[in-house]
2 protein chains.
Amino acid sequence: MTTPQDAFTPRAAGARRPTLEDVARLAGVSRAQVSLVVRGSARVSDASRERVLSACREVGYRPNLHARTLAQTESGILGVLVSDLHNPFFAEVVDGLQEGVRPAGKQLVMASGGRSPEVEREALEMLLSLHPTGVVVLGSVLADADLEELLGRGLPVPVVSVTRVVGSALVDSVSIDEAAGAELAVAHLAELGHRRITHLDGAGGAGAADRAAGYRAAMRRHGLQDRAEVCPGGFTEAAGAAAAEELLHRCGEDLPTALFVANDIAAVGVLSRLAEAGVEVPGRVSVVGFDDSWVAGSRFTALTTVRQPKLRMGLLAVAAVLERAAGRREPSRTVVEPELVVRSTTAPPARVGRGGQG
Amino acid sequence: MTTPQDAFTPRAAGARRPTLEDVARLAGVSRAQVSLVVRGSARVSDASRERVLSACREVGYRPNLHARTLAQTESGILGVLVSDLHNPFFAEVVDGLQEGVRPAGKQLVMASGGRSPEVEREALEMLLSLHPTGVVVLGSVLADADLEELLGRGLPVPVVSVTRVVGSALVDSVSIDEAAGAELAVAHLAELGHRRITHLDGAGGAGAADRAAGYRAAMRRHGLQDRAEVCPGGFTEAAGAAAAEELLHRCGEDLPTALFVANDIAAVGVLSRLAEAGVEVPGRVSVVGFDDSWVAGSRFTALTTVRQPKLRMGLLAVAAVLERAAGRREPSRTVVEPELVVRSTTAPPARVGRGGQG
DNA sequence: CTGAAAGCGCTTACAG
DNA sequence: CTGAAAGCGCTTACAG
C-alpha cells in the first residue's frame, strides 16, 4: 500500500528503485530475458515480451544507465560542453548535434560553463566522468593549455571543438573559414561603393583574430588598405555599444560609412548606440554582423550578416566524434564556408556626406 | 610507447581507461586508500595522498561516475530538462540553478527537448535513467498527462517544474504570479492614461492562460472591462508579428493605444511589424512585454516589460528538489512575484488620435 | 593505514 | 528460451 507520496520517502527510509530482478520475478522469467526485452532484441517470443513489458510498467521499472554503461563500457552518451547558454549561436549548433545524434542512437548530455573557466572546467570533468562516446566543446573559454591538459588526461575520449580550433592533435575541430567570411562582408560593402570600412574586433573571442586578419586581407585585396581600421570591441552587446560610442567620440561627424562588426550581438549593440545618437542605418552608416543568429534575422534588427552554417556545423561535429570513436587516428580539421545574408542594414554610401568619400 | 594518437585506438583494439586499481598499483597502496584520496577524505596521511595524486596524474586517472553512482546509489546529479534552448528565458533560469547547485556539491546535467514532445520525452527518460538526485523541468511541451505518466513511473525522483504548474502531487513547482504580472502591466498603462489596452495571448504556452485571465481581471479592476480584448498570439517572434499583422488588418486606423503582449519575444515581433507599418512606438501605440529576458533589456528593443525573477526561480527550484530529496512529502507550490520594468516602449496615449479615447 | 570481500544493477557469454 | 556465473569500476564496512 504505497500512495504516490510515500514514494518520496528518503532512500534511507527504504525507497528503492525497481531493478531487472524485480521485473524478472514478477514476469516469471530470467533476468537475461528481461534484459533482452528491454533492449528491444528480436530474439524473444511475443508472449514473453508482453509479460515482461507489462511487468516493467507494473513495477515502474526504468533501466539504470550507470549499471548498463558499466557493464557495456559504452555509454551511448555524447557530452556537450556549452560555454555560454545565453549565446543563441550555440543553441542552433546544438540543434544540429541533436539531429546528427539521433540516427546514431546516442543521447546528448549537456553541461554549461557559464562563461567562467572554473565552472567550465568542472563541467568538462563531469562530462568526462560519464565516460561518454565523445565530447563536443562549444566555444570554450578555457585557455588552450588548460583545455588540452584537461582533455589529454582523460585519454580515450574523442573530442571535437566547434568554433575554436585547438592546437592539440587530440582534438578535432569544426570551424568556419573566417577569412572568407570577412571577405564576403568587405566585398559586399565595397561593391555598394563603400571605401571607408571599419572593423569592430571581437577582442579575443573564438575566431576573432582570424576574422580581423581576414578583414585586413580583404581590404588589401580591394585596394582599400589605407582605409582599413580595426577598433577594439567584443562579442557582447555591451561591447558593441561601447565600441560604437568610442567611434562616435573619436570621429565626430567624420564617421566611416560602413562597419563590419565581429558578431551579431555586438552589432546589435552598435545599432542601438547609433540609433541613440541619431545616426541613421543604413542611410548614414552601413552595418554588417557575423553569425546570422536569430537576433540578426529578427525583423526588428534585420541585420546584414555573414552566416555560419550552424546546423551543419553541429552535424559535422557529431560525424567527427563518431568517426574518431570508430578508430580514426588523424585529427580532423573541418572548415565550413560562410555565406552572405543581405538584409536592411546595408546600402550604398550617402552621396551627400561632408566627409566626402571616393 | 603510446603516442597521444594511439590513445584513440578503438576500444576493441585495447584502449582502456585507467581505473582505481591501476592507480593503487602504481602508488603502492590499497584501492580503498585511493578511493579516499580521490574523494578528498581527511583521514589520509599527506605522504600517501601525494603519492596517490601523482599516480593519478601519471596514469591519467579519471573516476568513473557510473561505477561511483552504482556503488553509492547517489549520483549527485541534478537533471535539467530544457524544453527550448533558444529561449533566453531558460538560459537565465539555468544560471540560477547553477548558482544554487554549487554549494550543494551537485552537478547540473542538461538535456534539451527541442520543443518537440518526442524528443523531450526521450530526453527526460535519459535524465531519469541517470537516477539523478532530482530533476528540474523547464517549460515542458509535453501534455500534462504524458508528463505525469513519465514521471510517475520513475518513482523516487523528486521533480520540480519551473514556469509550468503540473497537477500531480508528485511534482513541485516554481512559477510566477501571472495575475499579479498582468495587473502590473495593465495598471502601468492605465496610469499613463490608456483605456483601450489589448492583450496578445500566448496561445497555450506555459502560464499563458493565467496571464490572459489576469489581464481580464485587471481590466475589470480598472473599470476598463468594456475595452478588454484578447487576440490570439503565441510565444514566438513570428507569432507576435502575425498577431500585430492581424490587428493592423482588423483595426485599420483605429488601433488600441496599448498592447500587453504575452512575452518579450512575441513583443519583439509586434514591434517589428508595427515599425514596418509605420506605427510609432510609443508615440501611437505603447507595448508591454513579459519575462524581461535579455531581448527586452537590449538597448535596441528597450521594451517595457514584466520581469520574472529568473535567477531566483532557479535557486528556488534547486531548493525545492533538494528538500524533497531530503524527505519532504508534501508537494510545494512556490509562487514568485513579478516586477514592472519601465523602458522606452510605453508613454501616455497621444492626445491627437482620431480614435479619441476617454 | 591494509587487504579481502560484498555489493550496486546491469550485460554477456555459456552450458543446458 | 533458462539459470548460474563472471565482470564492469567503484564504495563501504570490517577484521587486522
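Atom CD in Q33(B) sits roughly 15 Å away from atom P in dT12(D) (whole-Å rounding). Nucleotide dA4(D) holds its P atom 11 Å from the CD atom of E21(A), rounded to whole Å.
The backbone N or O of E21(B) sits less than 3.5 Å from a side-chain atom of T19(B), completing a donor-acceptor pair. When atom types are taken as modelled, the side chain of R328(B) and the backbone of A320(B) share a donor-acceptor pair closer than 3.5 angstrom. A donor-acceptor distance shorter than 3.5 angstrom exists from the side chain of S83(B) to the backbone of G139(B), with no hydrogens or angles considered.
Judged by distance alone, the side chains of Q33(B) and S48(B) do bring a donor and an acceptor atom under 3.5 Å apart. A donor-acceptor contact closer than 3.5 angstrom is absent between the side chains of R31(A) and S35(A). A side-chain N or O of S140(A) and one of E120(A) form a donor-acceptor pair less than 3.5 Å apart.
Dashed line: the shortest gap from a side-chain N or O of S30(A) to OP1 or OP2 of dG3(D) is not under 4.0 Å. Side-chain nitrogen and oxygen atoms of R39(B) include at least one within less than 4.0 Å of the OP1 or OP2 phosphate oxygen of dT12(D).
A stem is defined here as three or more consecutive Watson-Crick or G-U pairs, each with both distances under 3.5 Å; for DNA chain D these stems are C:1-3 with D:14-16, C:5-12 with D:5-12, C:14-16 with D:1-3.
Among the atoms of the strands shown, only primed sugar atoms or phosphate atoms (P, OP1, OP2) are found under 4.0 Å from some heavy atom of S48(A).
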Atom pairs, N/O to N/O, protein against nucleotides 7-9 of chain C, distance under 3.5 Å?
from	atom 1	to	atom 2	distance (Å)
dC8(C)	O2	L70(B)	O	3.4
dC8(C)	O2	A71(B)	N	3.3
dG9(C)	N2	A67(A)	O	3.2

Give me, pair by pair, the N or O atoms of the protein and of nucleotides 13-16 of chain D that are less than 3.5 Å apart, along with how far apart they are.
none

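Listed by first and then second residue, the side chain to side chain donor-acceptor pair (under 3.5 Å) pairs involving residues 105-118 of chain A are D84(A)-R115(A) (not counting sequence neighbours). Counting only residues at least two apart or on different chains, the salt bridge (Lys or Arg N to Asp or Glu O under 4.0 Å) pairs with a member in residues 134-147 of chain A are D144(A)-R164(A).
Residues satisfying the side-chain hydrogen bond (donor to acceptor under 3.5 Å, both in side chains) test with S129(A), not counting sequence neighbours, are none.
Salt-bridge formation is detected for the pair R324(A)/D172(A): a Lys NZ or Arg NE/NH1/NH2 atom is positioned less than 4.0 Å from an Asp or Glu carboxylate oxygen.
Ring geometry for H66(A) versus H131(B): interplanar angle over 60°, hence perpendicular rather than tilted (30 to 60°).
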